[in-house]
Amino acid sequence: MTIHSDTTLAGGTYLVTGASSGIGRATAELLARRGARVIAAGRDAARLDQALAGLAGAGHAAAVAALQDADGAADWVKSLVEAHGPLQGVFHGAGIESIRPVRLLRQQQVNEVMGGSLFAALGIARALAGRGAMPDGASLVFMSSVAGSAGQAGMAAYSAAKAAIDGMVRSLACEFAPRRIRVNAIAAGAVRTPMHERLARGGTEASMQAYEAQHLLGFGEPDDVAQAAAFLLGPGSRWVTGTTMVVDGGYLCR
Ligand SMILES: NC(=O)c1ccc[n+]([C@@H]2O[C@H](COP(=O)([O-])OP(=O)(O)OC[C@H]3O[C@@H](n4cnc5c(N)ncnc54)[C@H](OP(=O)(O)O)[C@@H]3O)[C@@H](O)[C@H]2O)c1
């Protein structure tokens, strides 16, 4: 039997988007181990059910939704609050990769990259600003990326989405601070997830080795980011707001 001594999130309900895969899934698992009741969200019901089955504790729920714009995301979060009660925290991990030279970039791809990540983030925040959606002292964490501050060919739309997340959290932190609600982002380096595997398929073994070497500590694992998310969502970070925490194995420091 495994005994989990850290139950700092017990008693709270936490929404995790992107919970069916990779970083979001690892975060849902860690939050559940810390005692949280998790609303696990993703687009694929079967994958989500699998993720839900792996969560410790009881009372978790699945929420299937394809997020693409602020209004839709706001209505969706409102309905979740009506069904499950106020949220003590939200981890917004939903997002897709995009590597495309700018000459091939069309509005549809821009909408897809921005939709699940940035536009949904703004809608989630709007819903949570509503009366009774979050208790005072709640915490919001949005997934950003090192691509938000370091350029890479083919990443213009993705970089723009993540840089916008970094800017968004600074202003949201100002807006929510009177209620001591904290808003932060995590800028991750390359983490071994299904997204990472899809990107790796487009490169050679040598190019991936060179990319990994740019990370002083090598590629990360989903739990490396989940640990940061749990910290930012929990009481230990009560004086941290409006910042982007870099969790990148040393990618950006050179
Ligand atoms: N992996 C990395 O190296 C890395 C580095 C920096 C930042 N990030 C960011 O971290 C986050 C998670 O990435 P990951 O690597 O864990 O990716 P992943 O394994 O591909 O998982 C992405 C998750 O987001 C969900 N999702 C995608 N688009 C959605 C949409 N429009 N509406 C609702 N759900 C949606 C997926 O749902 P389905 O299961 O239905 O597809 C899945 O649960 C993303 O925001 C990504 O940009 C990742």
Side-chain angles (χ1 to χ4, degrees), residues 15-30 38-52 54 62-70 72-73 76-77 80 90-99 108-124 141-150 152 155 157-166 168-169 185-203 208 211-212 214-215 218-226 228-229 244-249 251-252:
L15 170 62
V16 177
T17 72
S20 54
S21 180
I23 291 167
R25 183 168 176 165
T27 300
E29 287 170 359
L30 181 57
V38 174
I39 304 172
R43 294 173 300 186
D44 185 287
R47 259 207 304 273
L48 211 47
D49 282 346
Q50 272 179 7
L52 208 62
V64 179
L67 302 169
Q68 48 199 351
D69 61 67
W76 174 68
V77 170
L80 291 179
V90 174
F91 176 79
H92 180 48
I96 56 167
E97 69 278 19
S98 168
I99 296 209
Q108 188 193 335
Q109 285 102 38
V110 176
N111 287 346
E112 282 168 8
V113 174
M114 295 276 176
S117 179
L118 175 68
F119 299 161
L122 288 161
I124 289 168
V141 177
F142 296 92
M143 267 317 287
S144 178
S145 165
V146 292
S149 47
Q152 203 175 314
M155 302 276 276
Y158 185 82
S159 294
K162 296 309 192 186
I165 292 275
D166 296 345
M168 180 196 75
V169 300
I186 296 173
V191 180
R192 291 184 214 275
T193 67
M195 176 186 288
H196 178 74
E197 283 163 25
R198 289 191 295 275
L199 290 170
R201 269 182 238 130
M208 287 311 285
Y211 185 39
E212 179 157 20
Q214 288 179 280
H215 296 71
F219 290 146
E221 299 299 331
D223 189 62
D224 295 325
V225 180
T244 296
M245 179 186 278
V246 176
V247 181
D248 70 346
Y251 178 83
L252 285 180

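Remember, it's 1-based here, ligands and their atoms both numbered in the order they're listed.
Which parts of ligand 1 touch Pro194 is read off a 4.0 Å heavy-atom cut-off, strictly below it: atoms 19 (O). Counting atoms of ligand 1 from 1 in the listed order, those under 4.0 Å from a heavy atom of Gly22 are 16 (O), 19 (O). Heavy-atom proximity to Leu67, at under 4.0 Å, picks out these atoms of ligand 1: 30 (C), 31 (N), 32 (N), 33 (C). Close contacts between ligand 1 and Arg47 involve ligand atoms 38 (P), 39 (O), 40 (O), 41 (O) [criterion: under 4.0 Å to a heavy atom]. Within ligand 1, counting atoms from 1 as listed, the ones closer than 4.0 Å to a heavy atom of Gly116 are 31 (N). The distance from ligand 1 to the heavy atoms of Ser145 drops below 4.0 Å at these ligand atoms: 6 (C), 7 (C). Here is the list of ligand 1 atoms found below 4.0 Å of a heavy atom in Ile23: 10 (O), 16 (O), 48 (C). Numbered from 1 in the order shown, with element, the atoms of ligand 1 that lie under 4.0 Å from a heavy atom of Tyr158 read 6 (C), 7 (C), 8 (N), 9 (C), 46 (C), 47 (O).
The protein heavy atom nearest to atom 44 (C) of ligand 1 is Gly93 O, 3.2 Å. Among protein heavy atoms, the minimum distance from atom 15 (O) of ligand 1 is reached at Thr193 OG1, 2.5 Å. Taking atom 10 (O) of ligand 1 as the reference point, the nearest protein heavy-atom neighbour is Met143 CE, 3.5 Å. The single protein non-hydrogen atom nearest to atom 20 (O) of ligand 1 is Arg198 NH2, 2.8 Å, given as residue, atom name and distance. Of all protein heavy atoms, the one closest to atom 41 (O) of ligand 1 is Arg43 NH2, 2.8 Å. Closest to atom 37 (O) of ligand 1 among all protein heavy atoms lies Ser20 OG, 3.4 Å. Protein heavy atom nearest atom 19 (O) of ligand 1, with residue, atom name and distance: Ser21 OG, 2.6 Å. From the protein, the heavy atom lying nearest to atom 6 (C) of ligand 1 is Ala188 O, 3.3 Å.
Looking at Glu212, its side chain does come within 3.5 Å of a backbone N or O of Phe219 through a donor-acceptor pair. Side chain of Thr244 to main chain of Ile186: no donor-acceptor pair is present (N/O by atom type, distance under 3.5 Å, no hydrogens or angles). A donor-acceptor pair is defined here as one N or O able to donate and one able to accept, closer than 3.5 Å; such a pair exists between the side chain of Ser159 and the backbone of Met155. Judged by distance alone, with hydrogens and angles left aside, the side-chain atoms of Lys162 form no donor-acceptor pair with the main-chain N or O of Ser149 at under 3.5 Å.
The side-chain heavy atoms of Leu30 and Phe91, taken from C-beta on, include no pair separated by under 4.5 Å. No side-chain heavy atom of Asp224 sits less than 4.5 Å from a side-chain heavy atom of Val191. No side-chain heavy atom of Leu48 sits less than 4.5 Å from a side-chain heavy atom of Leu52. For the pair Gln152 and Tyr158, the minimum side-chain heavy-atom distance is 4.5 Å or more. Arg25 places a side-chain heavy atom less than 4.5 Å from the side chain of Gln50.
Residues Ser20 and Asp44 have side chains that never bring a donor and an acceptor to within less than 3.5 angstrom of each other.
Of the polar atoms of His196, none of the N or O atoms is found under 3.5 Å from an N or O of ligand 1, judged by distance alone. The distance criterion of under 3.5 Å between nitrogen or oxygen atoms is not met by Ile96 with respect to ligand 1.
Only side-chain heavy atoms of Lys162 come within less than 4.0 Å of ligand 1; its backbone N, CA, C and O stay farther off. Within the 4.0 Å heavy-atom criterion, neither part of Glu97 lies near ligand 1. Heavy atoms of Met195 found under 4.0 angstrom from ligand 1 belong to the backbone as well as the side chain. Residue contacts with ligand 1 for Ala65 involve N, CA, C or O but no side-chain atom from C-beta outward (heavy atoms, distance under 4.0 Å). Using a 4.0 Å cut-off between heavy atoms, Asp44 contacts ligand 1 through both its backbone and its side chain. Only the backbone of Ser144 comes within 4.0 Å of ligand 1, judged by heavy-atom distances. Within the 4.0 Å heavy-atom criterion, the part of Ala66 lying near ligand 1 is the backbone and not the side chain.
Relative orientation of the His92 and Phe142 rings is perpendicular, given thresholds of 30° and 60° on the angle between their planes.
Scanning all heavy atoms of the two residues, the minimum distance from Ala28 to Val38 falls at O-CG2, 3.8 Å. Annotation for Asp69 and Phe119: closest pair CA-CB, 3.9 Å, computed over non-hydrogen atoms. Between Met143 and Ala188, the closest heavy-atom pair is CE-CB, 3.8 Å. For the pair Val77 and Leu15, the tightest heavy-atom approach, listed with the atom from each and the gap, is CG2-CD2, 4.2 Å. What you find for Ala185 and Ile165 is that their closest heavy atoms are CB-CG2, 4.1 Å. For the pair Gly148 and Ala163, the tightest heavy-atom approach, listed with the atom from each and the gap, is O-CB, 3.4 Å.
Taking each of Gly148, Gly24, Gly95, Ala187 in turn, the one with a heavy atom nearest to atom 22 (C) of ligand 1 proves to be Gly95. Considering each of Gly189, Gly220, Ala190, the one bringing a non-hydrogen atom nearest atom 5 (C) of ligand 1 is Gly189. Within the set Ser117, Ala94, Gly72, the minimum heavy-atom distance to atom 24 (O) of ligand 1 is found for Ala94.
Put simply, no part of His92 is less than 4.0 Å from ligand 1, judged by heavy atoms. The closest approach between a heavy atom of Thr17 and any atom of ligand 1 is not below 4.0 Å.
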